[in-house]
Engineer: 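What follows is a structure written as structure tokens; I'll ask about it next.
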Amino acid sequence: MALKNTNGRILMSYCPDIRILDCTLRDGGLVNNFAFPDEFVKALYQANIASGVDYMEFGYKASKRLFSTEEFGEWKFCDEASIRRIVGENDSPMKISVMADVGRCDYQTDILPRSESVIDLVRVATYIHQIPTAIRMIADAKEKGYEVSVNIMAVSKVGELELQSGIEMLAQSGVDYLYLVDSYGAFYPEQVKTLTELYMEIGEKYGITVGYHGHNNQQLAFANTIESLRYGASLLDGTVCGMGRGAGNCFLESLLGFLKNPKYDIMPVLKFIETHMGEMKQKYEWGFDVSYMLTGILNAHPKSAIAFQKGQRQDYTRFYQEMLEGE
């Protein structure tokens, strides 16, 4: 175990239990409708392996009844054949993950038995009112032989008692990982500390590992991720260059550079950035802007700021007033 003091882990020490999950294709796919070329996906896969990344998330298991295959790229659906085209049998130590949103996937049919798939981890994403369905999805994935995590989304909008009750319900489901998610980039480190301690208290009672997934609306995704790490989170999410909807996510390369585990090597990801991310940044827009900061401050969904950006607006004071009036 890593050294600890009364303030949690000593972050400059070696933390062998920490694992990194790259969700560039999944969170970044929200920027480009999951239309990543094979060359990009294969290069990212190889860079993650060489950098020691523990999990790579390929995208969503979304329902083709609800989402058009003509509108979205294949990583919105993560068919088995699509993943195998990139990874083969995945003869590497890195594990493969996908995300399944409650109400947006046909998990009974689209998630194959683990024995027939190269996927290792199924990540169930749920809002607090969907937890009963999430528990059924967790049970289905566990019965099929997968590792399973659950992300409770928009917890910054959930009351303390309701959140604690929801975490308890999920902790009793047999899930392996329980994620604290800052969906709106609204949290500050002090709040992350308190919430991580709550998740850890319940997680330790049921033998569940806690993870953290942050958004960068207030430029705090990295700071909040390492704050959650300090107080016990062991599975940390990041994306290359912070690629993700709106303000984006915690930078994967920041985690690789920060963590002291000698298994991690930042150089292959840096090389990937040199060769592949320049063109991606020219074609698509993401990252911090004052408009996203304002949604974070007001604990609001970033969709209004996304519309602000698409409209090429610069009237931040008016935008702020509009948001205040909408509260």
Side-chain angles (χ1 to χ4, degrees), residues 1-2 9 13-28 36 38-59 61 75 78-100 111-123 141-142 144-149 151 175-179 207-213 225-226 229 233-240 243 249-273 275-276:
M1 292 294 293
R9 285 189 176 104
S13 68
Y14 168 47
C15 302
D17 59 316
I18 301 303
R19 281 156 287 172
I20 294 177
L21 187 147
D22 168 47
C23 48
T24 304
L25 295 182
R26 203 267 308 166
D27 243 313
F36 293 101
D38 276 9
E39 180 187 6
F40 181 97
V41 179
K42 288 178 181 178
L44 178 59
Y45 170 70
Q46 292 163 357
N48 278 331
I49 292 172
S51 288
V53 169
D54 301 278
Y55 292 86
M56 178 175 169
E57 188 164 66
F58 272 70
K61 274 286 188 182
W75 306 113
C78 285
D79 292 337
E80 187 71 20
S82 297
I83 301 176
R84 285 183 182 271
R85 192 178 69 248
I86 303 298
V87 310
E89 293 295 325
N90 187 32
D91 185 20
S92 83
M94 185 176 71
K95 296 182 177 182
I96 304 300
S97 78
V98 294
M99 180 167 280
I111 297 178
L112 304 175
R114 173 67 185 86
S115 60
E116 301 174 18
S117 177
V118 290
I119 296 168
D120 301 284
L121 169 66
V122 173
R123 302 216 296 172
K142 290 294 292 183
K144 290 174 178 173
Y146 292 97
E147 296 177 44
V148 186
S149 72
N151 292 21
V175 74
D176 300 289
Y177 305 103
L178 179 64
Y179 265 90
I208 298 169
T209 299
V210 172
Y212 185 80
H213 181 93
T225 299
I226 61 175
L229 181 161
S234 297
L235 187 53
L236 311 177
D237 285 11
T239 65
V240 176
M243 186 178 183
N249 300 78
C250 177
F251 282 56
L252 178 72
E253 54 270 29
S254 294
L255 290 175
L256 290 169
F258 174 79
L259 294 171
K260 308 308 174 213
N261 189 332
K263 70 171 283 190
Y264 296 128
D265 181 0
I266 194 174
M267 292 297 287
V269 166
L270 293 181
K271 186 64 177 177
F272 174 82
I273 293 170
T275 56
H276 289 85

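These numbers come from a predicted model, not from an experiment.
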Engineer: Could you pull out the closest heavy-atom pair between D22 and T239, with the gap in Å?
Structural biologist: OD1-CA, 3.9 Å
Engineer: Answer whether the closest heavy-atom distance between the side chains of W75 and I83 falls below 4.5 Å.
Structural biologist: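 Yes, at least one pair of side-chain atoms sits under 4.5 Å.
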Engineer: Using the side-chain contact (heavy atoms from CB on, under 4.5 Å) criterion, which residues pair with S92? Sequence neighbours excluded.
Structural biologist: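 For S92, the residues satisfying side-chain contact (heavy atoms from CB on, under 4.5 Å) (neighbours in sequence not counted) are Y45, I49, N90, M94.
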Engineer: For E39, which residues count as a salt bridge (Lys or Arg N to Asp or Glu O under 4.0 Å) partner, sequence neighbours excluded?
Structural biologist: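 In terms of salt bridge (Lys or Arg N to Asp or Glu O under 4.0 Å), with neighbours along the sequence ignored, E39 is linked to no residue.
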Engineer: So, using salt bridge (Lys or Arg N to Asp or Glu O under 4.0 Å) as the criterion, who are the partners of D237 when residues are at least two apart?
Structural biologist: R123
Engineer: Counting C-beta onward and ignoring hydrogens, is there a side-chain heavy-atom pair between V148 and Y177 closer than 4.5 Å?
Structural biologist: no
Engineer: Considering non-hydrogen atoms only, spot the tightest contact between E57 and R26 and give its length.
Structural biologist: OE1-NE, 2.9 Å
Engineer: Hey, does L44 have a side-chain heavy atom less than 4.5 Å from the side chain of V240?
Structural biologist: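 Yes - at least one pair of side-chain heavy atoms lies under 4.5 Å apart.
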Engineer: Quick one: closest heavy-atom pair of N249 and H213, and the distance?
Structural biologist: ND2-NE2, 3.3 Å
Engineer: Of all residues at least two apart in sequence or in a different chain, which pass the salt bridge (Lys or Arg N to Asp or Glu O under 4.0 Å) check with K260?
Structural biologist: none
Engineer: Hey, are the side chains of F58 and M56 touching, using non-hydrogen atoms and a 4.5 Å cut-off?
Structural biologist: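 Yes, close enough: below the 4.5 Å cut-off.
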Engineer: Among pairs that include at least one residue of residues 264-273, which meet side chain to side chain donor-acceptor pair (under 3.5 Å), considering only residues two or more places apart or in two chains?
Structural biologist: D54-Y264
Engineer: Do the charged groups of K142 and E147 touch, with an N to O distance under 4.0 Å?
Structural biologist: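 No salt bridge links K142 with E147.
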Engineer: Could you tell me whether R9 and D17 make a salt bridge, using a distance below 4.0 angstrom between a side-chain N and a carboxylate O?
Structural biologist: yes
Engineer: Applying salt bridge (Lys or Arg N to Asp or Glu O under 4.0 Å), can you list everything that pairs with R114, at least two apart in sequence or on another chain?
Structural biologist: D120
Engineer: Can you name the closest pair of heavy atoms from S234 and T209 and give their distance?
Structural biologist: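 Nearest pair, atom of S234 first, then T209: CB-CG2, 3.8 Å.
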Engineer: Quick check: do V210 and L235 have side-chain heavy atoms less than 4.5 Å from each other?
Structural biologist: no
